[in-house]
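In what follows, chains carry the letters A, B, and so on, assigned in the order in which the sequence lines appear, proteins first and then strands, with residues in each chain numbered from 1. For the numbers below, each heavy atom of this structure counts, side chains included, while hydrogens, waters and symmetry mates do not.
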Number of protein chains: 2
Amino acid sequence: MNASEIAKIAGVSRSTVSRVINNYGNVTDETRKRVLHVIKEYNYVPHASAQMLAGKKNKILGLFIIDRKNENSFNKMCTSSYFSPFSSVVIDVANKQQYNVLNSIVNENTDFTNVRELFLNKTISAGIFIGGKNNEPAIMELIESGYKIAVIEQEVAGEQDPFSKCIVVNSDSFGGAYEATKYLITLGHVNIAHISGDMEQLTAISRLEGYKKAMVDTGISIKSNLIIKGNYTEDSGYKATKKLLQKETPTAIFLANDSMAIGAMKAIEESNLKIPDDISIIGFDDIEVARYLEPALTTVRVPLLQMASVATSNLINANEENVNFYANYKMSIELVIRNTCRKLVE
Amino acid sequence: MNASEIAKIAGVSRSTVSRVINNYGNVTDETRKRVLHVIKEYNYVPHASAQMLAGKKNKILGLFIIDRKNENSFNKMCTSSYFSPFSSVVIDVANKQQYNVLNSIVNENTDFTNVRELFLNKTISAGIFIGGKNNEPAIMELIESGYKIAVIEQEVAGEQDPFSKCIVVNSDSFGGAYEATKYLITLGHVNIAHISGDMEQLTAISRLEGYKKAMVDTGISIKSNLIIKGNYTEDSGYKATKKLLQKETPTAIFLANDSMAIGAMKAIEESNLKIPDDISIIGFDDIEVARYLEPALTTVRVPLLQMASVATSNLINANEENVNFYANYKMSIELVIRNTCRKLVE
DNA sequence: CTGAAAGCGCTTACAG
DNA sequence: CTGAAAGCGCTTACAG
């Protein structure tokens with residue numbers, strides 16, 4: 001069933017069928033009704049590809065999750081409490097506006113080939129990127145090519161920066177880290193360690209800086225031995241904590257995300273230390289698991305769902321208006337106090 | 001940049017460009033090389049819609065997550081540790097075979113309109129459905145219409161059943177429930193309660209049956225007071241457990257999934273009972289959180305990732321071969337013993 | 001091995 | 001208000 005057949009049955013031309021489909025004004029109420037009736041009767045839906053070819057707007061968004069971390073596991077994303085809620089909000093918001101989302105996962109750089117193709121062959125008209133390292137070159141290239149793009153957690157270096165030509169949605173990592181560290185300091189901690197995330201990512205960089213600033217602001221000197229590099233995985237949190245505790249005896253650890261905090265808890269338990277009695281820890285993100293841990297994890301909540309929503313609706317706007325606009329959101333974070341930090345009495 | 005321009009530059013016809021793109025045999029090595037060179041130089045990628053219109057196969061799969069549960073929350077899927085790993089495997093497997101996946105979420109029946117449209121307007125060529133109730137009518141209709149479909153956890157009633165014309169991937173819910181219940185019985189429990197899932201879903205039905213059969217097989221009579229209806233959400237597990245404990249004193253509860261088990265743990269704690277000392281519990285699914293609970297949850301592992309993989313690759317096969325074939329998988333489950341069940345000594 | 005031409009199913013100026 | 005026609009960018013018989 002196609003437009004020609006509908007036209008014949010309704011006794012009009014294909015043009016008129018098209019006008020009815022696209023809800024144009026210049027059609028008699030009577031013909032419109034007649035055509036609509038035939039359309040309904042035959043369950044006719046125009047061929048999306050034909051519509052696109054003929055010039056209609058594409059309503060498919062690409063959602064690209066960059067996840068280079070767990071390179072050896074069978075399923076790379078399954079453990080991620082971070083990407084999943086984000087995705088579902090993107091889909092929700094998009095669907096509500098008659099958009100659909102094509103979801104793809106980038107495990108390694110070569111996977112960007114597929115991403116590029118989706119733009120080049122016009123399968124998608126715009127894309128959202130999350131999980132990339134700071135200044136991800138493949139994304140920059142796409143922006144330079146003029147595609148409509150929204151990125152999560154990317155730094156905008158200046159007007160020359162490609163990211164200043166797209167929709168940028170960040171959370172206040174610096175502020176969150178500052179607040180988390182300050183909280184520990186307020187509780188009386190001085191010997192505070194930090195286990196950083198993947199330093200290629202903006203969030204990890206900013207969280208480290210927030211930690212340092214809070215220390216400096218309160219006159220606590222920063223000891224490099226207390227700063228250990230992780231990479232945001234649970235395992236890296238475990239290993240970093242092990243390493244840390246071999247040589248140092250901090251009274252608190254600020255971890256750059258919750259997954260690593262889970263690893264840290266394991267390591268701490270193996271060292272026969274109790275949380276928070278012997279050592280306080282604080283995470284970042286407030287992933288779903290955080291509240292179920294024993295003890296429940298004190299952390300910094302990132303408003304990931306709002307970020308997803310903002311990115312999606314802005315991107316859809318850009319596509320509807322047919323304009324590449326610049327927007328830069330910094331979403332505020334919130335300290336979630338649970339049971340892994342203890343007031344130090346001296 | 002389109003095929004005509006490439007053709008002109010390379011000094012051949014559009015037909016030849018197309019032949020090179022599609023890797024057909026009848027082109028001289030020399031012309032092929034020349035054309036390929038121009039294509040690379042201009043970064044040309046054929047317009048997907050045009051290809052489709054002209055008769056090429058569509059390589060987009062729909063992934064439809066049916067999630068009617070949490071109707072009032074802002075984000076319906078975000079808490080779901082069940083759908084997310086499934087999705088990522090589907091995407092992974094599809095991407096590896098040059099397929100892309102369009103992901104959509106069905107929160108209510110009207111959302112099926114979008115699903116239908118995606119098939120009708122040829123945006124997708126096949127679809128995977130997960131989370132539906134048993135005998136989901138909207139899916140049946142699509143199968144009857146001849147679309148290529150894979151379903152997860154749907155019962156096949158017979159040859160007349162539409163589901164006997166598609167790819168069905170189930171887990172052994174009955175066997176898993178049987179084994180879980182048997183395990184509790186082996187530990188000495190007799191007074192075993194069951195909190196069921198959403199009884200519209202096949203898994204909930206089968207798990208209840210498995211529970212009953214295990215009881216009957218060991219000569220324990222089934223008490224209807226010990227069977228409470230839940231709906232698979234954490235909250236329903238909480239409420240059902242509350243209700244159960246008001247009137248009964250089971251020594252063990254078999255919950256139809258892990259989310260409800262989490263709710264049950266909360267309710268049990270509020271009743272000042274200890275797990276597993278005062279009461280044993282066992283869940284189903286083995287979601288990510290399960291191992292982090294305190295105490296770590298004994299449960300039945302569903303091979304969800306394999307199910308995703310099997311469904312996807314079968315569906316792609318069907319699409320490639322251009323045939324609607326029937327396949328029915330029953331994936332075996334595995335009892336995962338952790339710390340929420342105790343041996344009863346009498 | 002290669003090209004000219006028809007056709008896929010639409011939309012959109014252009015006439016009237 | 002409506003229709004005939006051109007065109008979107010491909011693929012694929014059909015000739016040669």
Ignoring hydrogens and geometry, is there a side-chain-to-backbone donor-acceptor pair from Asp111(A) to Glu108(A) under 3.5 Å? yes
Assign Thr28(A) to base, sugar-phosphate, or nothing according to its heavy-atom contacts below 4.0 angstrom with the strands shown. sugar-phosphate
Between Asn121(B) (side chain) and Leu118(B) (backbone), is there a donor-acceptor pair under 3.5 Å? yes
Using a 4.5 Å cut-off on heavy atoms from C-beta on, say whether the side chain of Val169(A) contacts that of Gln306(A). no
All pairs passing salt bridge (charged side-chain N to carboxylate O under 4.0 Å, His left out) where residues 311-327 of chain B contributes a residue, at least two apart: Lys59(B)-Glu320(B)
Ile167(A) versus Ala318(A), closest heavy-atom pair with distance: CD1-CB, 4.4 Å
Selection: residues 8-15 of chain A, any non-hydrogen atom under 4.0 Å of DNA chain D: Val12(A), Ser13(A), Arg14(A), Ser15(A)
What are the bounds, 5' to 3', of the part of DNA chain C that sits under 4.0 Å from heavy atoms of chain B? dC1(C) to dG9(C)
Nearest-nucleotide wise, let me know which of Gly55(A) and Arg34(B) is further upstream toward the 5' end of DNA chain C. Arg34(B)
Regarding Asn2(B), tell me which of base, sugar-phosphate or nothing describes its non-hydrogen contacts under 4.0 Å with the strands shown. sugar-phosphate
What contact category does Ser4(A) fall into here, base, sugar-phosphate, or nothing, at under 4.0 angstrom with non-hydrogen atoms? nothing
Show me the side-chain donor-acceptor pairs of residues 135-146 of chain A shorter than 3.5 Å, one per line, residues at least two apart or across chains.
unit_1, atom_1, unit_2, atom_2, d
Glu136(A), OE1, Arg68(A), NH1, 3.1
Glu136(A), OE1, Lys133(A), N, 2.8
Glu136(A), OE2, Arg68(A), NH2, 2.5
Glu141(A), OE2, Arg116(A), NE, 3.3
Ser145(A), OG, Glu141(A), O, 3.0

Before giving the answer on side-chain contact (heavy atoms from CB on, under 4.5 Å), spell out for Asn95(A) and Asn100(A) the whole-Å C-alpha distance, their side-chain angles and the decisive distance to 0.1 Å. CA-CA 6 Å; Asn95(A) 283 182; Asn100(A) 280 291; 3.7 Å; yes
Map every base of DNA chain D to its dot-bracket character, where paired means a Watson-Crick or G-U wobble contact with both distances under 3.5 Å and | marks a partner outside the strand. |||.||||||||.|||
One pair to check against side-chain contact (heavy atoms from CB on, under 4.5 Å): Ile130(A) and Met307(A). What are the steps and the verdict? CA-CA 11 Å; Ile130(A) 183 171; Met307(A) 291 168 74; over 6 Å; no
If the test is ring pair (Phe, Tyr, Trp, His ring centres under 6.0 Å), which one of Tyr147(B), Phe86(B), Phe83(B), Phe129(B) qualifies with Phe64(B)? Phe129(B)
By nearest-heavy-atom nucleotide on DNA chain D, the more 5' of Ser49(B) and Arg19(B) is Ser49(B)
Hey, could you give me each pair passing salt bridge (charged side-chain N to carboxylate O under 4.0 Å, His left out) that has a residue in residues 43-52 of chain B? Not counting sequence neighbours. none
Is the number of heavy atoms from other residues, nucleotides or ligands under 6.0 Å of Lys57(A) NZ greater than 12? yes
